[in-house]
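The structure under discussion appears below in the form of structure tokens.
Atoms considered below: every heavy atom in the structure, side chains included; atoms not considered: hydrogens, waters and symmetry mates. Here is how names work: the chains are called A, B, and so on, in the same order as the sequence lines, proteins then strands, and each is numbered from 1. Only a predicted model underlies this, so the values are computations on that prediction, with no experimental measurement involved.
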Amino acid sequence: DAGVTQSPTHLIKTRGQHVTLRCSPISGHKSVSWYQQVLGQGPQFIFQYYEKEERGRGNFPDRFSARQFPNYSSELNVNALLLGDSALYLCASSLGPGSGANVLTFGAGSRLTVL
Amino acid sequence: GENVGLHLPTLSVQEGDNSIINCAYSNSASDYFIWYKQESGKGPQFIIDIRSNMDKRQGQRVTVLLNKTVKHLSLQIAATQPGDSAVYFCAEKIRDTGNQFYFGTGTSLTVIP
């Protein structure tokens with residue numbers, strides 16, 4: 001079975017541009033979360049979606065947005081890119097709320113470089 | 001919960017020795033903890049988890065200990081192997097916050113052959 005897949009794996013953008021990152025969860029997983037990992041630090045929570053609804057949002061500006069589609073895949077959008085947005089963006093999927101459903105399975109991430 | 005931190009940023013051990021990686025957390029409302037391993041160029045990989053109603057949980061070569069009194073979590077790796085070299089993160093979930101996890105800074109484990 002395929003794990004969590006993310007695309008693109010690497011991308012370079014310039015300041016002010018926007019970016020869309022994509023994620024496909026593990027088959028059967030209905031919850032997708034997005035994390036930002038700056039070099040040398042631990043992942044930081046951005047969003048969680050479950051059944052196409054936003055269930056949580058971290059401390060990120062409104063330039064960051066996301067959505068989840070009927071097939072449970074998800075997109076993360078970042079507008080007006082800043083140099084500080086350079087990071088590894090991780091997508092994680094899980095079954096959903098409930099006992100035993102909390103383990104996050106991560107993808108390999110999308111490495112964004114903003115010049 | 002945002003202050004999940006690690007005591008040591010780096011750890012070097014001899015192959016075959018046991019490794020202990022520590023983690024401190026600050027939110028007494030945290031009810032679930034996960035240890036992740038992250039190798040270079042990869043996403044975090046689940047190692048072991050523990051709920052706040054437990055003190056200890058064992059897996060294959062790994063043991064997690066939870067001390068709620070001092071808000072401390074540790075990961076013990078038995079007979080450490082070169083393949084264990086990676087960055088290890090503890091992550092905590094605060095009760096009633098959905099599935100949001102707060103990660104520590106990470107400890108880089110290097111296994112010396």
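Taking non-hydrogen atoms and a 4.5 Å limit, the residue list of residues 73-84 of chain B in contact with chain A is empty.
For B:Gln38, the part sitting under 4.5 Å from any heavy atom of chain A is the side chain, from C-beta outward, and nothing else. Contact annotation for A:Tyr50: neither backbone nor side-chain heavy atoms come within less than 4.5 Å of a heavy atom of chain B. The part of B:Tyr32 that comes within reach of chain A is its side chain, from C-beta onward, which places non-hydrogen atoms under 4.5 angstrom from that chain. In this structure, no portion of A:Gln6 lies under 4.5 Å from any heavy atom of chain B.
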Checklist entry - What's the verdict on side chain to side chain donor-acceptor pair (under 3.5 Å) for B:Asn99 and A:Ser31, showing C-alpha distance, side-chain angles and the deciding distance? => result CA-CA 9 Å; B:Asn99 217 31; A:Ser31 179; 5.1 Å; no
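When the shell of 6.0 Å around CZ of B:Arg95 is examined, it contains more than 12 heavy atoms from other residues, nucleotides or ligands. Residue B:Gln60 places its CD atom among 12 or fewer non-hydrogen atoms of other residues, nucleotides or ligands, all under 6.0 Å distant. Within a 6.0 Å radius of CG in A:Asn59, no more than 12 heavy atoms belonging to other residues, nucleotides or ligands are found.
Between chain B and the residues A:Gln48, A:Arg55, A:Gln44, the most heavy-atom pairs under 4.5 angstrom are made by A:Gln48.
Electrostatic pairing of B:Lys93 and B:Asp31 counts as a salt bridge here, judged by a charged N lying under 4.0 Å from a carboxylate O.
Using a 4.5 Å heavy-atom threshold, the side chains of A:Thr105 and A:Ser94 count as separate.
Note that OG of A:Ser74 is 12.0 Å distant from NZ of A:Lys52, once rounded to the nearest 0.5 Å.
When hydrophobic residues (I, L, V, M, F, W, Y) are linked wherever their side-chain heavy atoms come within less than 4.5 Å, the members clustered with A:Leu81 are A:Leu11, A:Val19, A:Leu21, A:Val32, A:Trp34, A:Ile46, A:Phe47, A:Tyr49, A:Phe60, A:Phe64, A:Leu76, A:Val78, A:Leu83, A:Tyr89, A:Leu112, A:Val114.
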